[in-house]
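Presented below is the structure to which this report refers.
As a basis for the values below, the full set of heavy atoms in this structure was taken, side chains included, without hydrogen atoms, waters or symmetry mates.
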Amino acid sequence: MTEVAEFNLELCKDYTMFHRNLDTQQGRGLILYVHNSLKADEVRMETDCEENLFIKVKVNTHEQLLVGLVYRSPSDNSKEAARRLRTLLKEAADMKYAHHLIIGDFNYPLINWESVSACNENSDEEEFINCLNDNYLFQHVTKPTRWRGSEKPNLLDLIITKEENLVEDIEYQSPLGKSDHCVIRFNYRCKNMSRGPVKMRRLYRKGNYEEMKKELKEMDWNKYLLGGQENGETDINYMWSLFKSKVLDLENKFVPLVKVGGKKGNQIPLEKETLSAIKEKNSLNRKFIHTKDPKVRTSYNRARNKVSKLVRRARKKYEQNLALEAKKEPKRIWQFINSKSKTRQGIGELHVDPSDPNSVKTDDDAEKADILANFFSGVFTKEPSGELPELEPRNISIPWSEVNIEEDIIRKLLSNLNSEKSPGPDQMHPRLFKELSQELAQPLRIIFEKSIRDRQVPDEWKVAKISAIYKKGPKSIAGNYRPVSLTSIVCKIMEKIVRNHITKYFLENDLFTKRQYGFMSGRSTAIQLLKVLDEWTEAIDNGQGIDCIYMDYKKAFDTVPHQRLLKKLEAYQLGPSIIEWIMHYLQDRKQQVSVNGQNSTWHRVTSGIPQGSVVGPLLFVIFINDLPDIVESTVYLFADDTKIFKVIEEGRDKRILQKDLESLTDWSDKWLLKFHPDKCKYLHIGKHNPASDYQYQLMGKTLEKIEEEKDIGVYVDESLSFDKHICEKVKKATSMSAIIRRIFQHLDERTFVPLYKSLVRTHFDYASSVWYPYKAKHIEMIENVQRRATKQLPGFANLSYPERLRKLKLPTLTYRRYRGDMIELYKITSRKYDTSAGDFLKMRDETVLRKGGRGNSKKILIQRANLEVRRNSFCLRSAAIWNSLPEDVISAKTLNTFKNRLDKYWEGQEVKFDNYRASITTGSHKFNLQDESSKEDLTEPALENNAK
């Protein structure tokens, strides 16, 4: 055998070899080695497909892994061979194994695996991609795996699984011997079945809040919190400790404890009947083992079948309840999904030295916590001694007024808390405050007033538990995680009051730059991108180009220097008391990183604003507020996401943009918010590019030119085709469809629709007016996700796509995008957005609707365009459709009413259910609010409630 095999392991005695076609002239031959520590057996497939080898490997007591090795010959390009390969993959995917791993040389060089698309439509490659999608299989290799001489490298070798996150740390190593295929090494993650120690947790949804309210109503909070004033004990920390101890005492008395963790158990709540049946079954099982009586065995069989039926019924009921509450309680859905996932979540192995990717790794949670804590604290800014830079004082028309603390505001903020959120380091759960909002508003007012009056916050409010959130890149490097602070719930209520007061002051005095869209009321990522794209497409249509620089800061939120921030607050003429309060809030903070219950040592926070806080984002927006004033080019901000661009007509425009980069560098040096030049990128948009060899410089380094960039959640490319963004969204939505199919065993119409809407369709809703697809291939890709998802329901496979949509009351995704455009236009024209954010929309000079005339009184100017990219931009493609809407629809007072009236008016549109390739027709009115013959209640409140 060794003379035939091209690859022979050194310690073959420790491995079992499975093979196919090694002793025959048929095919190339396959070898699969499995270590003897793994119990493996060959699996014979029914599909007759070229060369394939499948084995099953026992992972643990309950689960098995199906491993497939496949070779597709490039010489056999027949349709039948391609069909057999797809049939083989479907057969493997349908097998009831916990894990699926299929690897091999598939010889499909014409597939682009970055975008998961084929070069030619209706080709074998496209059919192969559709096969993977239809069976919810995921391919993980993204780099070329075969190259020879001067030939173009190709990606031929694939790794296919049934879950998206099962494969990690793929390495492309040198070929063996004379082979022209690289060796691929990767880690396949099976679920870690071990459980942590048993812990006790409060079951807040079962708390006796009525009894708590009775006790709290008897409290004299003034006496309780201020009673020690004569002894000098009523500092803010003492008052807070009294309040906290009282609330936690009530929690201990009236909120039950439950066990969590330990061995894997059934998370489905079981009724008493089911628990009794399980107990009876176990008793009969023990009795049969002892007596071997056939009659007992018969009784046991009946009991076992009864238990199976009851458990299935319990799971079905549980899944239905989860689905119906998917929108309100997404956390419960994800807890259920994660409990059934085949992969271990969380932070994997980390390099001990974050700066050295070759350093040893550790999987110890305590060590990982310390590695992350040291890295997060190592980025803090140390302000130099000496005079602080000055910001020119701003003109103020309405002077600062002191923060006023009102019980009604506190009560409202408490009642609006999300009870699914985690408690802060003080272990006070938001569910308590939400349920007891009426009773706790008074003591919190007393504490908040004390805090403002003394310009201090309790020390415990300045303590943060840090969760490390993965961003991108290798998960083994600490720098690829960002810290999010978990802080006191009560502190956040106080912060909201302070934030709202500062925001009102800035708005009244028009102090915010119009270029900032982050954390601003009436502004959003979508409206910023729509405005930017309108400028870009207009320039391209005029034969110009755009150079856009995407700026990246070094740990922006963590490096904001405190003294310089306070200096800027003075320039905006905030009152001394609130500036001192903010200073005390920022100073002497400390943080601790937690990984799977293991905590790092405490670290002092010497700069930055806590991510996850409420007032922090506002402080950052204020700190960066003056940046757009120092450049000539156009700047847009979304918090720290900064892009600066200029329309390029001639080479001189590039030099102006370069001068602006130098101004930004000076600003960065002055205010100590450093750019990361290696991560700042340059994107040219459009074909017109004079001085194309011009290189932009930042801090002495040449900026990398890129072909695409993720711009506040949307991938933007140099041709504005949004090809990568659409492919990414299709991939993510397909992954979520696979999760629904795999995790939920009892899918029906009632269960599927809310799950699909909350987990799958949302990926296509975000900023759809920005990346709106107009190419047929993109429209097909997107619609296929919904077509595939609806087909998986029992009894739906034989129905046509329109029939499935009508039965489920799901419109086509094309209709959703038309509707999304109208929603954006409604928010702009009815001023739901800030007026300056929507000023790019050109309105017709018509203020009054002519009697009996078509359309409405807020018509958009229909513009002409030369190029397809401009014709399909937001303002141009949606103008005629918006103009055709009747006054009854566009004059709705609320957004929900508008949505409801729009759906009513468009009820007969072909594109809604039948033909997703169709366009919205702009014909005669089909909806009239004053139609008395209608049996439905179409008043404003009724439509509002219906939409909700």
Side-chain angles (χ1 to χ4, degrees), residues 62 191-216 244-282 307 310-326 328-341 344-346 365 414 417-437 440 465 467 486 488-490 594-599 743-745:
H62 307 285
K191 183 174 180 180
N192 181 11
M193 299 302 293
S194 62
R195 299 282 167 163
V198 175
K199 297 181 180 179
M200 302 302 292
R201 188 185 69 182
R202 296 283 174 188
L203 196 61
Y204 290 95
R205 59 189 177 87
K206 295 288 186 179
N208 189 343
Y209 296 105
E210 292 303 317
E211 289 298 321
M212 291 190 203
K213 291 176 181 180
K214 287 180 183 179
E215 286 204 21
L216 289 172
K244 177 184 172 182
S245 63
K246 181 60 181 177
V247 173
L248 292 182
D249 283 345
L250 291 173
E251 178 186 290
N252 291 332
K253 287 173 64 176
F254 298 112
V255 180
L257 284 166
V258 293
K259 291 182 180 179
V260 294
K263 295 182 179 180
K264 183 180 179 181
N266 191 342
Q267 293 189 336
I268 310 299
L270 301 177
E271 298 176 350
K272 288 184 179 180
E273 180 187 2
T274 308
L275 294 173
S276 298
I278 292 173
K279 187 176 180 181
E280 180 184 359
K281 184 196 76 168
N282 293 337
V307 167
L310 290 172
V311 169
R312 280 197 303 271
R313 186 176 69 183
R315 173 155 185 160
K316 183 177 182 179
K317 182 179 178 181
Y318 182 72
E319 289 183 358
Q320 286 178 344
N321 290 336
L322 276 179
L324 294 175
E325 298 297 321
K328 294 181 180 178
E329 299 186 19
K331 188 174 181 179
R332 287 185 63 205
I333 284 281
W334 282 107
Q335 285 174 343
F336 181 69
I337 289 173
N338 291 334
S339 72
K340 303 300 178 183
S341 174
R344 185 179 62 180
Q345 303 296 320
D365 289 334
L414 291 176
L417 282 172
N418 184 348
S419 58
E420 295 298 313
K421 294 289 186 180
S422 300
D426 54 21
Q427 296 304 307
M428 301 179 75
H429 201 278
R431 182 67 179 263
L432 288 173
F433 293 102
K434 186 178 181 71
E435 296 284 352
L436 307 173
S437 58
L440 295 180
K465 286 278 190 178
S467 294
L486 193 63
S488 169
I489 298 295
V490 174
S594 179
V595 177
N596 295 328
Q598 297 296 315
N599 297 322
I743 300 298
F744 291 86
Q745 297 180 1

Of the non-hydrogen atoms in R202 and V255, which two are nearest, and what is the gap between them?
NH1-O, 2.7 Å

Within this structure, what is the OG-NZ distance for the pair S422 and K465, rounded to the nearest 0.5 Å?
12.5 Å

Looking only at heavy atoms, the pair that brings A323 and I333 closest together is N-CD1, 4.3 Å

Smallest heavy-atom separation, L203 atom then V258 atom, equals CD2-CG1, 4.0 Å

Hey, could you give me the CZ/OH distance between R332 and Y318, rounded to the nearest 0.5 Å?
5.0 Å

Should Q745 and R312 be marked as a side-chain contact (heavy atoms from CB on, under 4.5 Å) after you check the CA-CA gap, both sets of side-chain angles, and the distance that decides it?
CA-CA 9 Å; Q745 297 180 1; R312 280 197 303 271; over 6 Å; no

Tell me, do K253 and M212 make a side-chain contact under 4.5 Å, heavy atoms counted?
no

In terms of side-chain heavy atoms, does R431 have a donor or acceptor partner in N418 at a distance below 3.5 Å?
no

What is the distance from atom CG of L250 to atom NZ of K246, rounded to the nearest 0.5 Å?
5.0 Å

Please walk me through it: do K244 and D426 pass side-chain contact (heavy atoms from CB on, under 4.5 Å)?
CA-CA 8 Å; K244 177 184 172 182; D426 54 21; 4.0 Å; yes

Distance (rounded to the nearest 0.5 Å) between S419 OG and E329 CD
7.0 Å

Under 4.0 Å between a side-chain nitrogen and a carboxylate oxygen: does that hold for E211 and K214?
yes

All heavy atoms of L486 vs all of P425, minimum pair found to be O-CD, 3.1 Å

Do Y204 and E251 get their side chains close enough for a donor-acceptor pair, meaning under 3.5 Å?
yes

Name of the residue among R315, K316, K317 meeting side chain to side chain contact (heavy atoms under 4.5 Å, CB included) with E319:
R315

Here the pair of heavy atoms bringing L270 nearest to I278 is CD1-CD1, 3.8 Å

Quick one, L257 and R201 - any side-chain contact, counting heavy atoms below 4.5 Å?
no

Salt-bridge contact R313-E273 (side-chain N to carboxylate O under 4.0 Å)
yes

Straight-line distance of I489 CD1 to M428 CE, nearest 0.5 Å
10.0 Å

How far does CG of L432 sit from CG of L414, to the nearest 0.5 angstrom?
11.0 Å

Pair K213 + E435: basic N to acidic O under 4.0 Å:
no

Quick check: does any side chain N or O of S437 sit under 3.5 Å from a backbone N or O of F433, one acting as donor and the other as acceptor?
no

